[in-house]
There are 2 protein chains.
Amino acid sequence: MQKTKRLPLIEKILTETLISSQDELLRKLKSKGISCTQATLSRDLRQLGVSRVPDGSGGYRYSLAEKNASPAERETKLHIISVISGIVEAKGLLLVKTIPGNASATAFYIDNAGRKEIAGTIAGDDTILVIPHDGISRMQVHTCLEIILPGLHEKLKKS
Amino acid sequence: MQKTKRLPLIEKILTETLISSQDELLRKLKSKGISCTQATLSRDLRQLGVSRVPDGSGGYRYSLAEKNASPAERETKLHIISVISGIVEAKGLLLVKTIPGNASATAFYIDNAGRKEIAGTIAGDDTILVIPHDGISRMQVHTCLEIILPGLHEKLKKS
DNA sequence: TTGTCTTTTGCATATTTATGCATTTTTTTT
DNA sequence: AAAAAAAATGCATAAATATGCAAAAGACAA
């Protein structure tokens with residue numbers, strides 16, 4: 001399944017390059033070894049929350065919401081990612097492990113992302129319990145976290 | 001020419017209502033007495049810098065850049081508008097009059113809008129000189145200012 | 001493993017959005 | 001005021017994007 005590779009790559013491309021159509025993105029992806037159809041991209045972009053904004057000179061560009069985020073916010077995100085040591089699943093819930101003392105800041109960050117997939121979080125000292133809403137699948141939670149904190153899924157401990 | 005009424009109305013509608021397609025916006029406009037075609041709307045939205053963003057539940061919505069702006073920023077805009085007493089044209093340039101002492105803050109605001117139509121501004125105590133780039137028509141400058149500070153054109157002193 | 005259920009994906013196509021061109025309206029110049 | 005230039009707009013259509021449906025791939029439980 002390509003999606004777990006594709007989404008992060010799309011995010012990366014969008015931050016590094018000026019993309020103005022899905023076909024253009026499609027070609028960029030292919031040149032990096034990932035190929036799919038425009039239909040799939042359309043769905044990916046929606047899932048990633050990517051918006052299409054006028055570029056001010058007659059064209060359009062695709063833009064990650066982050067672009068509008070302040071440098072401080074981007075900083076925070078990187079910090080949060082660096083502080084997470086692993087993810088494990090148990091009882092249909094998700095446990096995010098951080099280095100000691102960082103759980104509550106991380107939980108706060110996740111809460112504030114405002115994703116409707118997540119009902120809430122409970123943080124100890126180095127562990128966060130992420131509670132998904134009813135009807136949200138494990139897969140949806142993963143994708144959701146991947147959107148909030150790209151690259152996170154690589155820290156998933158398989159059971 | 002409807003455009004001077006249409007653009008501000010579009011902005012108003014977008015801040016008040018959730019719009020998810022140009023046709024929907026078209027109908028809303030018609031219900032408020034302004035009618036045009038989808039083609040015109042497409043051009044308007046581009047000019048206003050309106051972007052189309054995933055709404056997080058499978059659909060899309062049109063969003064003014066402002067939506068992403070902080071409340072403080074919106075506050076500032078309202079304040080700036082309230083402080084402008086009039087606009088006059090002279091020698092192909094634009095003079096914006098403010099209440100005394102407010103010119104430089106206003107000029108700063110205009111500069112920071114980052115519009116390419118405007119080369120720069122010079123502020124005194126209660127007057128700002130707005131200098132458009134070569135090749136930018138009076139009309140373009142007006143529209144540009146209308147985008148930065150909606151409602152402004154009503155303060156234009158006819159010559 | 002086998003069958004069941006969920007997710008991902010492509011294909012074909014519907015829907016939506018953008019645009020070239022011609023026309024009308026507005027602005028600017030003479 | 002008349003002529004010339006620029007801008008706005010609609011129409012028809014091109015281009016881009018989204019989506020229903022079916023097939024394939026993967027996850028999961030028994």
Side-chain angles (χ1 to χ4, degrees), chain A residues 1-7 10 19-27 29-30 34-55 57-62 89-92 117 132 135-144 146 153 156 158-159, chain B residues 1-7 9-10 19-27 29-30 34-55 57-63 89-92 117 132 134-144 146-147 153 156 158-159:
Chain A
M1 195 252 302
Q2 298 273 66
K3 205 176 182 182
T4 45
K5 280 177 217 157
R6 212 174 48 237
L7 295 196
I10 289 173
I19 297 292
S20 48
S21 76
Q22 298 184 3
D23 275 325
E24 189 183 343
L25 180 52
L26 206 57
R27 288 191 294 275
L29 278 173
K30 196 170 306 182
I34 300 277
S35 74
C36 63
T37 59
Q38 173 270 324
T40 297
L41 268 194
S42 170
R43 293 183 268 242
D44 286 352
L45 291 178
R46 158 148 70 198
Q47 187 166 16
L48 287 170
V50 170
S51 58
R52 187 167 194 239
V53 337
D55 69 359
S57 25
Y60 293 84
R61 66 167 213 281
Y62 279 90
E89 291 176 332
K91 309 267 183 196
E117 292 94 333
I136 300 295
S137 72
R138 191 178 306 195
M139 185 61 51
Q140 286 177 296
V141 177
H142 282 169
T143 308
C144 163
E146 184 63 28
H153 74 279
L156 178 64
K158 289 285 184 63
S159 59
Chain B
M1 194 254 303
Q2 299 273 70
K3 205 177 183 181
T4 45
K5 280 177 216 156
R6 212 173 49 238
L7 295 197
L9 184 53
I10 289 173
I19 296 291
S20 49
S21 76
Q22 297 184 3
D23 275 324
E24 190 183 342
L25 180 52
L26 206 56
R27 288 191 294 273
L29 278 172
K30 196 169 308 180
I34 299 279
S35 74
C36 64
T37 60
Q38 173 271 325
T40 297
L41 267 194
S42 170
R43 292 183 267 241
D44 286 352
L45 292 177
R46 159 147 70 200
Q47 186 167 15
L48 288 170
V50 170
S51 57
R52 188 168 194 238
V53 336
D55 68 359
S57 26
Y60 293 85
R61 67 168 213 280
Y62 279 90
S63 160
E89 291 176 331
K91 309 269 183 194
E117 292 94 332
D134 286 354
I136 300 295
S137 72
R138 191 179 307 196
M139 184 61 51
Q140 284 177 296
V141 177
H142 282 170
T143 307
C144 163
E146 185 62 28
I147 290 171
H153 74 279
L156 177 64
K158 290 286 185 61
S159 60

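In the text below, chain A, chain B and the rest are named by the order of the sequence lines, each starting its count at 1.
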*Asks:* Nearest whole angstrom, please: distance from the P of D:dG10 to the CG of B:L26.
*Replies:*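 In whole Å, D:dG10 P lies 9 Å from B:L26 CG.
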*Asks:* Measure the CZ-CD distance between A:R6 and A:Q47 for me, rounded to the nearest 0.5 Å.
*Replies:*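 Separation between the atoms: 9.0 Å.
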*Asks:* Starting from P on C:dT17, measure out to CG on B:L48 and report it in whole angstrom.
*Replies:*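 Taking atom P of C:dT17 as the reference, CG of B:L48 is at 15 Å.
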*Asks:* Mind calculating the distance between CD1 (A:I34) and P (C:dG10) to the nearest angstrom?
*Replies:*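 Taking CD1 of A:I34 and P of C:dG10, I get 11 Å after rounding.
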*Asks:* Looking only at heavy atoms, what is the nearest atom pair of A:P54 and B:L45, with distance?
*Replies:*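 Closest heavy-atom pair between A:P54 and B:L45: CG-O, 4.1 Å.
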*Asks:* So if I take every side-chain heavy atom of A:Q38 and compare against C:dT17, D:dA18, C:dC11, which nucleotide ends up nearest?
*Replies:*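 Of the options given, the side chain of A:Q38 lies nearest D:dA18.
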*Asks:* State whether B:T40 places a side-chain N or O below 4.0 Å from either non-bridging phosphate oxygen (OP1 or OP2) of D:dG10.
*Replies:*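 Indeed, a polar side-chain atom of B:T40 lies that close.
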*Asks:* Looking at C:dT9, C:dT17, D:dC11, which one has an atom nearest to any side-chain atom of B:Y62?
*Replies:*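 Of C:dT9, C:dT17, D:dC11, C:dT17 is nearest to the side chain of B:Y62.
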*Asks:* How many Å lie between CG on B:D23 and P on C:dA14, as a whole number?
*Replies:*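 For the pair B:D23 CG and C:dA14 P, the rounded distance is 17 Å.
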*Asks:* Please give the nucleotide sitting opposite C:dC5 as a Watson-Crick or G-U wobble pair, both distances under 3.5 Å, or none.
*Replies:*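 Across any shown strand, C:dC5 pairs with D:dG26.
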*Asks:* Quick check for you: to the nearest 0.5 Å, what is the distance between B:L9 atom CG and B:T4 atom OG1?
*Replies:*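 If I round to the nearest 0.5 Å, the distance is 11.5 Å.
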*Asks:* Could you check whether B:S42 gets within reach of a base, just the sugar-phosphate, or nothing at all, counting any heavy atom under 4.0 Å?
*Replies:*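 Base contact.
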*Asks:* Whole-Å distance between D:dG10 P and B:L41 CG?
*Replies:*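 Going from B:L41 (CG) to D:dG10 (P), I get 9 Å.
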*Asks:* I want to check one thing: is the phosphate of D:dA8, taken as OP1 and OP2, less than 4.0 Å away from some side-chain N or O of B:R6?
*Replies:*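 It does not, given that no N or O in the side chain of B:R6 lies less than 4.0 Å from OP1 or OP2 of D:dA8.
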*Asks:* Would you say C:dA18 has OP1 or OP2 under 4.0 Å from some side-chain N or O of A:R52?
*Replies:*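 It does, given that an N or O in the side chain of A:R52 lies less than 4.0 Å from OP1 or OP2 of C:dA18.
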*Asks:* In whole angstroms, how far is the P atom of D:dA8 from the NZ atom of B:K5?
*Replies:*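 Rounded to the whole Å, the gap is 15 Å.
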*Asks:* Could you check A:L25 against A:Y62 for side chain to side chain contact (heavy atoms under 4.5 Å, CB included), going step by step and ending with a plain yes or no?
*Replies:* CA-CA 9 Å; A:L25 180 52; A:Y62 279 90; over 6 Å; no
*Asks:* How many Å lie between CZ on A:R43 and P on C:dC11, as a whole number?
*Replies:*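 To the nearest whole Å, that distance equals 11 Å.
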*Asks:* Using only side-chain N and O atoms of A:Q22, determine if any of them is under 4.0 Å from OP1 or OP2 of D:dA18.
*Replies:*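 Yes, within the criterion.
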*Asks:* In the structure I gave you, are the side-chain heavy atoms of B:L26 and B:C36 within less than 4.5 Å of one another anywhere?
*Replies:*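 Of all side-chain heavy-atom pairs linking B:C36 with B:L26, at least one is under 4.5 Å.
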*Asks:* Look at the side-chain N and O atoms of A:Y60 and state whether any lies under 4.0 Å from the OP1 or OP2 oxygen of D:dT17.
*Replies:*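 It does not, given that no N or O in the side chain of A:Y60 lies less than 4.0 Å from OP1 or OP2 of D:dT17.
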*Asks:* Quick one: is A:R46 getting a side-chain N or O under 4.0 Å of the D:dT17 phosphate, OP1 or OP2?
*Replies:*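 Answer is no, no contact under 4.0 Å.
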*Asks:* Nearest whole angstrom, please: distance from the P of D:dA6 to the NE2 of B:H142.
*Replies:*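 Taking atom P of D:dA6 as the reference, NE2 of B:H142 is at 17 Å.
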